[in-house]
Structures are given as C-alpha cells and as structure tokens.
Amino acid sequence: MRAARWAVSALFFLNAVLFANLVPRLPDVKDRLDLSNAELGGAVAAMPFGSLVAGLFAPVLIQRFGSGNVAALGLVGLGAAVAGVPWAGSLAGLVVVMLLVGAVDAVVDTGQNAHGFRVQRAYGRSVINGMHALWSIGAVTGGLLGSAAVGLEVPLSTHLAVSAVVFAVVAVVARRFLLPGAEDAERTDLVVSPAEGPTPPVDDPAGSRASSSAGRGLRRVPSRTWGLLAVLGLLAACEAFVQDAASSWGALFMRTEVGTSAAVGGMAFVAMQGAATVGRLVGDRVVDRFGQRRVARVGGALTAVGMALALLLPSVGTAVLGFALAGLGIATLVPAAMHAADEIPGLPAGVGLTVVGWLLRVGFLASPVVVGVLADLTSLRLALGTVVVAGVLVLLGGRVLGDDRARRSDAGGASAPA
C-alpha cells in the first residue's frame, strides 16, 4: 500500500507538471503563430471545453481498463499532446491540440483520483489531500521548469519533447506499483463470496457497486442519488469560484481597490495558493481528527469571513490575510466532494467522480464570466462578493458530506482486506 500511495502521488505530481511546464512558453507559442491576445486566449480556452466533453467518457475507460492504467498511460498521452503544441502550424491547429490536451487531462484527472481513493480505502484513513498537495507542488515545479527553459533559450519543441519522454518514463514506472485487481477490491461495504464475487449488502437498495451495476447502466440510479451528486458538484464549483477570484481577479483587486503597485498585486494569488497548499499538506490529519463534514463547513466559514474582511476593509494586510483564509478554507473541499461522490452506493466505478469533476470545470468556466459581468455592472469589490456567497454555500451544503470518523471507528481503524 505504501508503494501504491507514492506511485499514485507521483501521478498527481506529473499531471500538474506537464501542463504547467507549458504555461511560461505560451508567449513563445503566440509569437511563433503570430497570434493576437484574443486568439491566444481563445485557443487556451479550448482546453476546458475538451475537458467537459471527454471527461464524460472516463467511467467507461476506468471500468474497462482500471483507474491505474487510465491515469498512468493517460499521462503518456497527455505528455505527447502537450509536446504537439509547437507543431501546430496555425490557430486552428493550436485549438485542436488544446482540445486534445484538455480531453486527455480530464480523463487522467478522474483516473488518478479514482485510484487515489482506492489507496485511501486500503489505508483506512485519509491520504487523498496529500496527493492533491503534491499536485499543487507539481504545478509550481512545472512553472519553474518552463521558466528555466525560457531563460536558457531551449527551443520550444525540444523542451516539450524531452519533458514528455522523461515524465512518460516516470509514469510507466509508477504504474507497476499501483494497486492491482478490481476497482471495488478495497471496499468494505461489499460482501465477497468466493463463488459469486462481490455482492451488495442487504440494506443497499441501489444494487452493488462497479462490477455488477455497470451492466445495468445508470437507468436504475434513484433521483436522490443524482440530487446528491448535484450538491457535491455545487460544492466543487464553489472552490472554482474561490480559486478564480485569486487567479483572475486578485491582482486587479489589489491594484484598483487596495491601491498597491503591480509588484505587490500578485500577493493575493500567492497567499491563496500558498495557504491552500499548506492546508492540503496537513489536511489528511485534520480530516482524520475532525471528519470531512466539519472540516468542510469550518472551511466555508473561513472562506466567507476571510473574503468579507478583504472586501469590507481593503488594505494590503487584510487582503493578503483574507485571500489566505479563503485558500485555507477550500484546501480539502474538492477531495471531500469527490470522496463522497465515489462512495455513493449503486453507481458504476468513476461515475460519481466524473460528475463532480465535470461540474467543477463548469465552475471554472462560469466564474470569470459571472464575476466580470457583475464587476462591469457594479464594481469589482461587489462582484467578488460571490466568493463570500460560495463560502456560505459550503457552510450550508457541507452537511451532505460524510463523517469518516464514525466509519473508521466501526471498522476498528483496520484496512480493508486484500
């Protein structure tokens, strides 16, 4: 289990590195293709659209090939797709490549989270937040690698090709240490019969999990299950609104509402991402101690209070503190929502994760549009009040999350049988 944990953590790290490695080279892509700012932005926006479409097929691939294979081999494909960016000879070609990058990334994201939850179930305690922390560290590492390549004047095609090969080798090696067997092998809510295999517990009205429900399809999934998935997806989308507030609007808020210089303007983004990374590094222990429900609801309150402080009393100190509290508040939110979705009885493997991940991406698409329109109609300070609303929604909606402390207590803290 320890080897599998490090292996899937490596996949999270690689998933972030591969695209972040490209980000500092986007100006080079713009110059090579002679694109305007709007054309480059439109091409990059093709990535989330590809994610929205292709992400829906992730459960089929997971049920057919297994989450570990989907994640590890998908990273090989993701590296190849990113390495294809320098070979896009036109704006249309770049759009196609970015659509492919987004599509593969969505499938890899679902696969790595599904396998991460398999490892977590085998451990019998929370480990998924540490994996998401490594994703954040991977994003920073990729940005530094890309910046170093720019500084060393490494040709774009050489840089991305070498990165794709090196990271593909790491992904293939990591694949050897992932958990074998069926997606449900570590679940303790299944009764295993040597003759018949996994069967549902007697109080499970929706039928068994992945292996037997996949054949029945989604027609027999009750409406309450879809409603629960919608709420969990809303919680994930709330995190998208909080993160986008820092990445898209943080610097502008610092300069126009607080009156800082351009150099200080980036501190809002740094504060939120830094606090979120710290929160993910310690998140597993906190979740084990207090449970997902309480951590998420307290995090929602921190987000609402922190952003209210930054908006009502704008200064450098309060803004940095407010964005940091917001980042800390949402640090474990998406893993918690995904975990709850993955534990819903009666859904084929990967379906819950896919729905929540899909709604998360909708949130990332909608957030800059919603905030931008509201800012034009009112002001940026009022528009960023959507982050306060998101925090309140997490505080209220976090009640749907489970409390794993009770489950681990019932199980005596033991891991699931092999």
Side-chain angles (χ1 to χ4, degrees), residues 9-48 50-51 71-106 108-109 112 132-174 243 246-248 251 262-263 265-267 269-270 273-274 276-277:
S9 297
L11 300 185
F12 273 83
F13 179 85
L14 292 176
N15 179 232
V17 166
L18 280 169
F19 181 73
N21 195 35
L22 169 66
V23 171
R25 307 302 304 259
L26 288 177
D28 294 340
V29 176
K30 178 177 180 294
D31 293 340
R32 287 165 67 101
L33 299 179
D34 193 24
L35 303 177
S36 66
N37 291 326
E39 288 172 334
L40 178 63
V44 174
M47 182 178 171
S51 299
L73 300 181
L75 283 171
V76 177
L78 180 61
V82 173
V85 169
W87 304 100
S90 64
L91 174 60
L94 182 61
V95 168
V96 171
V97 172
M98 296 307 292
L99 280 169
L100 181 60
V101 170
V104 179
D105 179 71
V108 169
D109 183 64
Q112 70 188 13
H132 280 257
L134 279 176
W135 188 96
S136 299
I137 295 172
V140 175
T141 303
L144 292 175
L145 288 174
S147 299
V150 173
L152 295 173
E153 298 183 354
V154 179
L156 180 62
S157 57
T158 302
H159 165 211
L160 297 182
V162 171
S163 298
V165 172
V166 172
F167 297 143
V169 171
V170 177
V172 171
V173 171
Q243 288 199 36
S247 59
S248 297
M267 288 304 297
F269 175 76
V270 172
Q273 291 300 320
T277 301

Under the rule for ring-ring contact (aromatic ring centres under 6.0 Å, His included), what residues qualify as partners of Phe167, not counting sequence neighbours? none
Can you tell me which residue pairs pass the salt bridge (charged side-chain N to carboxylate O under 4.0 Å, His left out) test with a partner in residues 14-29, sequence neighbours excluded? Arg25-Asp28
Quick one: are Asn15 and Leu75 in side-chain contact, heavy atoms under 4.5 Å? yes
Side chain to side chain contact (heavy atoms under 4.5 Å, CB included) partners for Val76, two or more places apart: Ala168, Val172
Summary of side chain to side chain donor-acceptor pair (under 3.5 Å) pairs that have at least one residue in residues 139-153, sequence neighbours excluded: none
By side chain to side chain donor-acceptor pair (under 3.5 Å), Asn21 pairs with (sequence neighbours left out) His159, Ser163
Please name all residues satisfying salt bridge (charged side-chain N to carboxylate O under 4.0 Å, His left out) with Asp105, sequence neighbours left out, ordered by chain then number. none
Contacts of Ser136 that satisfy side chain to side chain donor-acceptor pair (under 3.5 Å) - sequence neighbours left out: Arg280
How would you list all residue pairs meeting ring pair (Phe, Tyr, Trp, His ring centres under 6.0 Å) that involve residues 9-48, not counting sequence neighbours? Phe12-His132
Here the pair of heavy atoms bringing Thr277 nearest to Ala133 is O-CB, 4.2 Å
Across all chains, not counting sequence neighbours, the side chain to side chain contact (heavy atoms under 4.5 Å, CB included) partners of Leu144 are Val140
Taking only residues two or more places apart in sequence, or in another chain, which ones meet Ala46 in a side chain to side chain contact (heavy atoms under 4.5 Å, CB included)? Val95, Met98, Leu99
Looking only at non-hydrogen atoms, find the nearest pair between Ser157 and Pro86 and report the distance. CA-CG, 3.8 Å
How many angstroms lie between CG in Leu22 and CG in Leu156, if you round to the nearest 0.5 Å? 7.5 Å
Please name all residues satisfying side chain to side chain contact (heavy atoms under 4.5 Å, CB included) with Thr158, sequence neighbours left out, ordered by chain then number. Val154, Pro155, Val162
Can you name the side chain to side chain donor-acceptor pair (under 3.5 Å) partners of Gln243, sequence neighbours left out? Glu239
